[in-house]
Number of protein chains: 2
Amino acid sequence: MSRVADPTSRISLLRAAEEVFAERGLIGAKVEEITRRAGMSKGSFYLHFESKEKAFEQVTESFLARIGAMMPKPGHDMPHEPRELLRVWLEQDSQLFDFLWQNRAIVHIILGCQGDHVYLLQAFFRAMQENSCGWVRFWKGRGLFGDEVDEQLAATLICGAYNELYKKMIAAPKKPEVEAWLRVAQGMVVRGFGTTKLIRAYDASVHGAHGDTT
Amino acid sequence: MSRVADPTSRISLLRAAEEVFAERGLIGAKVEEITRRAGMSKGSFYLHFESKEKAFEQVTESFLARIGAMMPKPGHDMPHEPRELLRVWLEQDSQLFDFLWQNRAIVHIILGCQGDHVYLLQAFFRAMQENSCGWVRFWKGRGLFGDEVDEQLAATLICGAYNELYKKMIAAPKKPEVEAWLRVAQGMVVRGFGTTKLIRAYDASVHGAHGDTT
DNA sequence: CGGGTTACTGACCCGCGGGTCAACAATAGG
DNA sequence: CCTATTGTTGACCCGCGGGTCAGTAACCCG
């Protein structure tokens with residue numbers, strides 16, 4: 001028999017790598033710094049990863065795979081009442097922003113990707129855009145967004161607005177109160193693209209009595 | 001007397017540098033590639049610039065200085081009629097997007113800044129945000145945006161939406177027809193934050209007869 | 001033409017950092 | 001304890017690319 005590998009080595013390295021990549025980006029991150037933070041030797045890095053780039057890709061791509069699942073999609077079980085829909089929308093936004101906050105280091109990394117790794121940034125934005133497109137289509141299907149609304153363009157504008165919000169969120173030292181932000185953003189989108197029916201539902205949700213649900 | 005310096009050397013180098021920085025970013029750009037494209041020797045680069053970084057800063061910072069001046073600001077001579085204001089707004093947006101298109105290489109460079117040069121990206125976005133804030137304040141002052149509208153937050157959302165538009169524009173091989181985009185964006189903002197008076201003016205401008213001005 | 005001055009060149013220098021691997025360390029079994 | 005096996009280490013290797021500068025080139029004037 002022989003020496004047993006430390007089962008936590010890889011995890012320590014991944015954690016340290018994520019931290020250093022977030023602080024410095026791929027180029028600025030040094031393998032020596034990563035291994036120093038993990039409390040290991042420089043050479044051991046290559047027992048776990050083929051190269052620095054490969055480690056970078058593992059950190060970022062696994063996150064991108066996860067965010068695909070995290071992205072709320074319109075389903076068959078969506079409520080029919082506009083006001084209830086708005087509540088669900090806000091709830092899902094809130095959860096997504098929580099997720100982005102919890103993974104703010106990786107999000108920060110991805111937002112800085114360029115060169116050979118610009119595909120990661122593009123994949124991230126594409127996921128956002130496509131999801132937003134799906135939602136615009138859904139709203140139109142429910143007759144709650146105007147027929148004349150161009151899906152792609154509306155999704156672009158909506159994504160842009162939300163992008164700016166989560167960028168501001170993750171740049172903050174402590175998680176800000178994003179609920180209010182998300183409500184204002186929802187208001188802009190509803191008024192900007194929604195039908196009278198949806199706008200009325202929104203207004204009622206803003207001025208109406210609070211929910212009695214558990 | 002002595003040998004006369006080539007007066008176009010510096011300009012050739014700056015042009016080549018801008019090109020290579022846009023394609024590769026700062027790190028990916030090699031001095032040897034820049035000088036090769038300028039048709040000069042590698043060493044001559046340092047006759048004009050202290051370092052690669054300094055050349056990078058010259059390219060980007062002079063653009064940022066210019067965009068400050070290019071950014072349309074609410075002035076004393078603004079029209080009073082909401083519909084005329086909307087027209088001026090669109091015109092200014094169009095001019096700004098033209099400017100961004102003409103300088104798309106540098107914009108692309110700046111959007112990719114990180115690390116030591118992240119201040120450039122931040123300065124760019126800050127200029128956009130502050131300008132947007134100024135406009136939100138102006139609209140509120142004219143009674144055309146709701147009193148309850150939070151300037152900072154509205155400016156953030158508006159900037160985000162417009163950011164996404166110019167990013168899409170500069171990523172295109174040929175300049176797209178952004179006029180339609182800008183009109184939709186304006187519509188979203190007006191409906192999202194404007195008063196009934198402004199919304200009516202917007203609707204009239206969309207459905208009304210076309211201008212007869214020269 | 002020769003001399004003096006400045007512009008330009010590209011071979012070279014050298015620090016940086018990703019990656020390697022021989023030597024050492026840790027572990028289990030006999 | 002010794003041996004075999006696998007894990008880990010960090011000194012070292014080496015390519016890359018920013019920057020240097022001695023040598024060469026260009027130019028003007030006497």
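Values in this document were obtained by computation on a predicted structure and should not be read as measured data. Below, chains carry the letters A, B, ... as their sequence lines are ordered, and counting in each starts from 1.
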For atom [atom1] of [X] and atom [atom2] of [N], their distance in whole Å:
X       : N      : atom1 : atom2 : value
A:Ile34 : C:dG19 : CD1   : P     : 11 Å
B:His48 : C:dC8  : NE2   : C1'   : 9 Å
A:Phe56 : C:dG19 : CZ    : P     : 14 Å
B:Asp6  : D:dA26 : CG    : P     : 13 Å
B:Glu53 : D:dG17 : CD    : P     : 14 Å
B:Glu32 : C:dG10 : CD    : P     : 10 Å
A:Leu47 : D:dG10 : CG    : P     : 13 Å

Please tabulate, one pair per line, each protein N/O and nucleotide N/O from nucleotides 20-26 of chain C that are separated by under 3.5 Å, including the distance.
from	atom 1	to	atom 2	distance (Å)
C:dA26	O4'	A:Arg3	NE	3.4
C:dA26	O4'	A:Arg3	NH1	3.4

With sequence neighbours excluded, what pairs up with [X] under the ring-ring contact (aromatic ring centres under 6.0 Å, His included) test?
X        : answer
A:Phe49  : A:Phe45
A:Tyr162 : none
B:Trp89  : B:Trp139

Where each residue is assigned the nucleotide of DNA chain C containing its nearest heavy atom, which of A:Val4 and B:Met40 is assigned the position nearer the 5′ end? B:Met40

With sequence neighbours excluded, what pairs up with [X] under the side chain to side chain contact (heavy atoms under 4.5 Å, CB included) test?
X        : result
B:Leu90  : B:Leu182, B:Arg183, B:Gln186
A:Val184 : B:Leu153, B:Leu157, B:Phe193
A:Ser62  : none

For the helix from C:dC1-D:dG30 to C:dG30-D:dC1, how many degrees between its two end axes (five pairs per end), to the nearest 10°?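 Between the axes fitted at each end of the helix from C:dC1-D:dG30 to C:dG30-D:dC1 lies an angle of 20°.
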
Only pairs at least two apart or in different chains count here, so list each side chain to side chain donor-acceptor pair (under 3.5 Å) that has a residue in residues 105-118 of chain B.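 Checked against side chain to side chain donor-acceptor pair (under 3.5 Å) - neighbours excluded - the pairs reaching residues 105-118 of chain B are B:Glu57-B:His117.
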
Selection: residues 8-30 of chain B, any non-hydrogen atom under 4.0 Å of DNA chain D: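 B:Ala29, B:Lys30, in order of number.
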
So if I take every side-chain heavy atom of A:Ser51 and compare against C:dG19, D:dT9, C:dC8, which nucleotide ends up nearest?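 Closest of the options to the side chain of A:Ser51: C:dG19.
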
N/O donor-acceptor pairs under 3.5 Å from side chains in residues 121-134 of chain A, not counting sequence neighbours:
from	atom 1	to	atom 2	distance (Å)
A:Gln129	NE2	A:Gln152	O	3.4
A:Gln129	NE2	A:Thr156	OG1	2.8
A:Asn131	ND2	A:Pro72	O	2.8

Flag the pair B:Glu148 and B:Lys140 as a salt bridge only when some basic side-chain nitrogen lies within less than 4.0 angstrom of an acidic carboxylate oxygen. no

Around A:Glu61, counting heavy atoms of other residues, nucleotides and ligands shown, do more than 12 lie under 6.0 Å from its CD? yes

Which atom pairs, one a donor and one an acceptor, fall under 3.5 Å between side chains of residues 99-106 of chain A and the rest of the protein, sequence neighbours left out?
from	atom 1	to	atom 2	distance (Å)
A:Asn103	OD1	A:Arg66	NH2	3.4
A:Asn103	ND2	A:Phe99	O	2.8
A:Arg104	NH1	A:Trp101	O	2.8

